[in-house]
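Counting starts at 1 for both ligands and their atoms, in listed order.
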Amino acid sequence: MSLKALLRSLDMIDIKPKYLFLTHAHPDHCGSASILEKIYNLEVISSFKTARVLYDYARGKPDYSMIVNYFMKQGVPEEDLEFIMRDFFWWTREKCFPRRIVELMPQESWKGFSIIDAPGHCLGASCLYEPKNKILLAGDQIIDGITPHIGYEDDWDPQENPLRDYLDFIEKVKELSPGHIFSGHLNLISNVDRVICSIIEHHKTRYNKIISILSDGRELSTYEISRILFPNVLDAINLRLSISETMAHLQYLFYRGSLQQIIRNAKVYYRLN
Ligand SMILES: [Zn+2]
């Protein structure tokens, strides 16, 4: 349906695209790439890392056992884990990957744009910045009205600190001071400062809430904290996202020295330092 709408819109404005830049490997951002590639004979471009993620998916490589083990360590009960994994990466089973991707390295220039490494939301994500007109193509990194999901899910390495990486990225965007941001969802952003401030505030509020949950001295798992933060989440995708977003905040607080990690019976628990 979204493909039809896109084709109809391009037709209405009489545009035949030559290039398709994939900001990251999520299905709502590249699920129709192979079809568009064929229809318009266009060149598909992405960061080197996003291309690697997509090629791995295309080969059917994702190793779910690592994800299952990591979620189990976070205290996710078996029935919820089964529910989550049934839904996980359904789209990688569809053969929707481009034949060829031109791979760009961070800071490389491409047709007047620089490619900017954009960690936090998804492995390998990147943005394009056009310095002459101060335009940022931000994918899911910055959206007005929705706070982007922060937390790597596939291939999560326990050493990662995606929220810190994301907040560092936001500081970089502040320095670039773009006049306009084109997001992967919703509206064009012209009041960049307001949106950036609201994103920073949102994460502060979220991690302060975690500190207040643990302020009575309790030791809780990521899963238990996520159910307090997001009590009304019922569907598989949002359950998975709520756990991974909670992980990102806990990891950030742990590395900041605000929390301790306690390993008990192969599960990780957190308490205030
Ligand atoms: Zn995304």
Side-chain angles (χ1 to χ4, degrees), residues 1-3 5-6 20-36 44-58 62 67 84 87-94 96-98 101 103-104 106 115-129 136-157 160-170 172-173 181-189 195-196 198-199 202-203 206 226 230 233 235-249 251:
M1 208 159 121
S2 55
L3 177 66
L6 176 63
L20 175 64
F21 181 80
L22 305 176
T23 53
H24 62 296
H26 283 164
D28 54 331
H29 293 262
C30 62
S32 301
S34 62
I35 301 167
L36 293 168
V44 181
I45 302 122
S46 80
S47 73
F48 166 78
K49 285 189 211 160
T50 290
R52 292 272 76 77
V53 174
L54 286 170
Y55 288 140
D56 282 349
Y57 288 162
I67 300 160
I84 287 171
D87 166 84
F88 208 71
F89 288 146
W90 54 268
W91 70 287
T92 62
R93 291 191 289 272
E94 315 279 323
C96 56
F97 302 97
I101 303 175
E103 298 169 22
L104 300 177
I115 181 155
I116 298 173
D117 211 12
H121 174 66
C122 171
L123 281 179
S126 58
C127 300
L128 282 179
Y129 183 60
L136 183 72
L137 307 185
D140 276 355
Q141 287 291 111
I142 300 174
I143 304 169
D144 186 8
I146 314 174
T147 47
H149 169 74
I150 303 304
Y152 305 131
E153 299 157 79
D154 45 345
D155 220 5
W156 178 291
D157 175 345
E160 302 271 12
N161 189 347
L163 180 56
R164 186 204 50 209
D165 296 344
Y166 178 73
L167 293 174
D168 288 349
F169 162 83
I170 289 289
K172 262 187 228 160
V173 173
I181 297 178
F182 288 89
S183 302
H185 299 272
L186 300 175
N187 300 324
L188 167 72
I189 301 172
V195 174
I196 282 182
S198 75
I199 288 175
H202 161 78
H203 290 293
R206 174 71 41 81
S226 78
F230 306 98
V233 167
D235 57 325
I237 182 166
N238 283 309
L239 185 59
R240 169 163 62 82
L241 295 178
S242 67
I243 296 165
S244 113
E245 180 123 351
T246 306
M247 278 188 217
H249 285 80
Q251 197 80 339

Criterion salt bridge (charged side-chain N to carboxylate O under 4.0 Å, His left out) on D117 and K49, from CA distance to verdict: CA-CA 10 Å; D117 211 12; K49 285 189 211 160; 3.6 Å; yes
Parallel, tilted or perpendicular, judged at 30° and 60°: which one describes the rings of H29 and H24?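 Plane angle between 30° and 60°, so tilted.
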Can you name the residues that form a side-chain hydrogen bond (donor to acceptor under 3.5 Å, both in side chains) with S46, not counting sequence neighbours?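 S46: no side-chain hydrogen bond (donor to acceptor under 3.5 Å, both in side chains) contacts found.
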What's the separation between atom CG in L167 and atom CD1 in I150, rounded to the nearest 0.5 Å?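 Here the rounded value is 8.0 Å.
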Return the OG1 to CD1 distance between T23 and I115, rounded to the nearest 0.5 Å.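 Between T23 OG1 and I115 CD1, I get 10.0 Å after rounding to 0.5 Å.
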Scan side-chain atoms only and decide if Q141 and H121 contain a donor-acceptor pair under the 3.5 Å cut-off.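 The criterion, which ignores hydrogens and geometry beyond distance, is not satisfied for H121 and Q141.
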Using a cut-off of 2.8 Å, find all protein N, O or S atoms closer to the Zn ion (ligand 1) than that distance.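 You should have found H24 NE2, H26 ND1, H121 NE2, D140 OD2.
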